[in-house]
Protein chains: 2
Amino acid sequence: MSRLPEYLRALHALADAGHETVSSEGLASAVGVNSAKLRKDLSHLGSYGTRGVGYDVALLIDQIESVLGLTQCRAVALVGVGNLGHALAGYDGFASRGFQIAALLDADPSRVGEEIHGLVVRHVDELPRVVAEESISIGVIATPAPAAQAVADQLVAVGVTSILNFAPCVLSVPDGVDVRKVDLAIELQILSFHEHRKASLIALPATGGSALTALPGGLATPDTQEAIGT
Amino acid sequence: MSRLPEYLRALHALADAGHETVSSEGLASAVGVNSAKLRKDLSHLGSYGTRGVGYDVALLIDQIESVLGLTQCRAVALVGVGNLGHALAGYDGFASRGFQIAALLDADPSRVGEEIHGLVVRHVDELPRVVAEESISIGVIATPAPAAQAVADQLVAVGVTSILNFAPCVLSVPDGVDVRKVDLAIELQILSFHEHRKASLIALPATGGSALTALPGGLATPDTQEAIGT
DNA sequence: CGCGATTTGTGCACCTCTTCACAAGCGCCT
DNA sequence: AGGCGCTTGTGAAGAGGTGCACAAATCGCG
């Protein structure tokens, strides 16, 4: 499940705070989900809770990390050292959670050779050698949209089967390759939608707004962390 | 729906390519979704397609932008000008899609006054004045996790009701405030999970792997753009 | 040793989202 | 004008996720 990483983060916070055990209720409220859902999620990876007590924090961390394949430090290659790539290269949230940016690559010759946060930018054509040398398991694409597909093809060609794509475009990849997409502008647009809707509802409280602003049903956007009580 | 922004991006690409109309099939395959789903999505905002022909690209763009509230350029305030914030400030993907980063703020006095991409960093305590002056409608949090909740509280206090949170933590906000979260490490962990699973399945093809690696059912992670045929 | 409080694990109902399949509508060609 | 092919819009079926409510299990205390 995609919620496991969130549980893991909350568990690390709890461990740092000195807790040895957590109840499903406590962990659920820390993550902002239903406790039954959390229990069901955890039960899917083999019951590791003690009834009447809760879950052993350290044990659960080990289990989740094992499931997520975080027992080994994974090496990622970052392609595209522009604005965003530059920041990602220096983002310490990766290293602290078991990911090591092992290589920086770019297609722009003027950027090759530049040193960023202790790593030298290499040309994207060196990808095959880099992937082999550093045993890359994940590729991150932070190039402009027009270049993303070509980079993805290169990554796939050298055996990378997991890609995190920051470019605002859809990548087509063969079966067996996982692509996750992060589009920062889309997130803003979703917020804009909600903002627009709220404004319309206030302006037209009786009629409920036009057919455009008052979409039927729940206009639910997944992943929206909204209004967590207490 | 959270898919509307993706449709919008594909439509812009089609418009740039000179297309005047699109069939649901064509647009669906460009975005990577089922055509029936796309039609149902579009029908929710009032039918704007012509049977036998398809959808008018320009008209559909207008409609979606109207629904998303993108007719006006929205001003966003970015709090936290560290590694990530720096990159976001310079990310041109925002401006090109109707979002203007109107203010940069930070709690670190040594950063206040710094000029980044034409904007001067102001202290986060000036938030009330900044929000009023620039008519901010969205706040972006790019601070370290420990500072995020305080910043969120400040944003809410000055009337911001839409927050995009890059800090790896759960924010608690009152009802009526929308929070969207982007956690880059979580995305990598999800990829790591898939990678780990693929490796296990290959290593243990007969048994299907341990109970840990072979989660029951679909181990489906939403938002995963996987293996788009053709 | 037994009992009560507490918490996990889970069956069941519900609800949303997805997908198929098809009728209705539109334009074009004859 | 009429028919034909193509595309939209939508009803219905299916799948999957969610949350409630409760039985089973464990610990601590008298």
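Fair warning: this is a prediction, and the values are worked out from it, not measured in the lab.
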**Request:** Report yes or no: does A/H194 contribute a side-chain atom to a donor-acceptor pair with the main-chain N or O of B/V179 at less than 3.5 Å?
**Result:** no
**Asked** Is there a residue in residues 33-42 of chain B whose heavy atoms reach under 4.0 Å of DNA chain D, and which residues are they?
**Response** B/R39, B/K40
**Item:** Gap between atoms CG and C1', on B/D56 and D/dT7 respectively (whole Å)
**Value:** 15 Å
Review item, side-chain donor-acceptor pairs of residues 31-39 of chain B, under 3.5 Å, at least two apart:
{"residue": "B/N34", "atom": "OD1", "partner": "B/A36", "partner atom": "N", "Å": "2.7"}
{"residue": "B/R39", "atom": "NH1", "partner": "B/S24", "partner atom": "OG", "Å": "3.0"}

**Request:** Nearest whole angstrom, please: distance from the P of D/dT7 to the OH of B/Y55.
**Result:** 12 Å
**Prompt:** Side chain of B/D92, backbone of B/S96: donor and acceptor closer than 3.5 Å?
**Reply:** no
**Item:** Value rounded to 0.5 Å, distance of CG in A/L4 from CG in A/L11
**Value:** 10.0 Å
**A/S162-B/E195 side chain donor-acceptor pair, cut-off 3.5 Å** = yes
**Request:** Using a 4.0 Å heavy-atom cut-off, write out nucleotides 25-30 of chain C from 5' to 3' as B (base contacted by protein), S (sugar-phosphate only) or - (no contact).
**Result:** BBS---
Identify every side-chain donor-acceptor pair in residues 184-191 of chain A under 3.5 Å, counting partners at least two apart or on other chains, and give the distances.
{"residue": "A/E187", "atom": "OE1", "partner": "B/R180", "partner atom": "NE", "Å": "2.6"}
{"residue": "A/E187", "atom": "OE1", "partner": "B/R180", "partner atom": "NH2", "Å": "3.3"}

**Asked** Taking all non-hydrogen atoms of both residues, which atom of B/A167 and which atom of B/T143 are closest, and how far apart?
**Response** CB-O, 3.5 Å
**Prompt:** Any donor-acceptor pair under 3.5 Å linking the side chain of B/R9 with the backbone of A/P168?
**Reply:** yes
**Request:** Answer yes or no: does a side-chain N or O of A/Y48 lie under 4.0 Å from OP1 or OP2 of C/dT7?
**Result:** no
**Backbone of B/L70 reached by a side-chain donor or acceptor of B/R97 within 3.5 Å** = no
**Asked** What pair of heavy atoms forms the shortest contact from B/M1 to B/P5, and how long is it?
**Response** O-CD, 4.0 Å
**Prompt:** Going by number, which of residues 15-26 of chain B have a non-hydrogen atom under 4.0 Å from DNA chain D?
**Reply:** B/V22, B/S23, B/S24
**Asked** Separation of B/Y7 atom OH from D/dT8 atom P, in whole Å?
**Response** 13 Å
**Request:** May I ask you to say whether B/R197 pairs ionically with A/D178, meaning some side-chain N is under 4.0 Å from a carboxylate O?
**Result:** no
**Overall bend - the helix from C/dC1-D/dG30 to C/dT30-D/dA1, comparing terminal axes fitted on five pairs, nearest 10 degrees** = 0°
**Prompt:** Expressed in angstrom and rounded to an integer, what is the separation of B/L45 atom CG from D/dT8 atom P?
**Reply:** 14 Å
**Message:** Could you check whether any side-chain N or O of A/S192 sits under 3.5 Å from a backbone N or O of B/L68, counting only pairs where one atom can act as donor and the other as acceptor?
**Reply:** yes
**Request:** Answer yes or no: are there more than 12 heavy-atom neighbours, outside B/H12 itself, under 6.0 Å from its atom NE2?
**Result:** yes
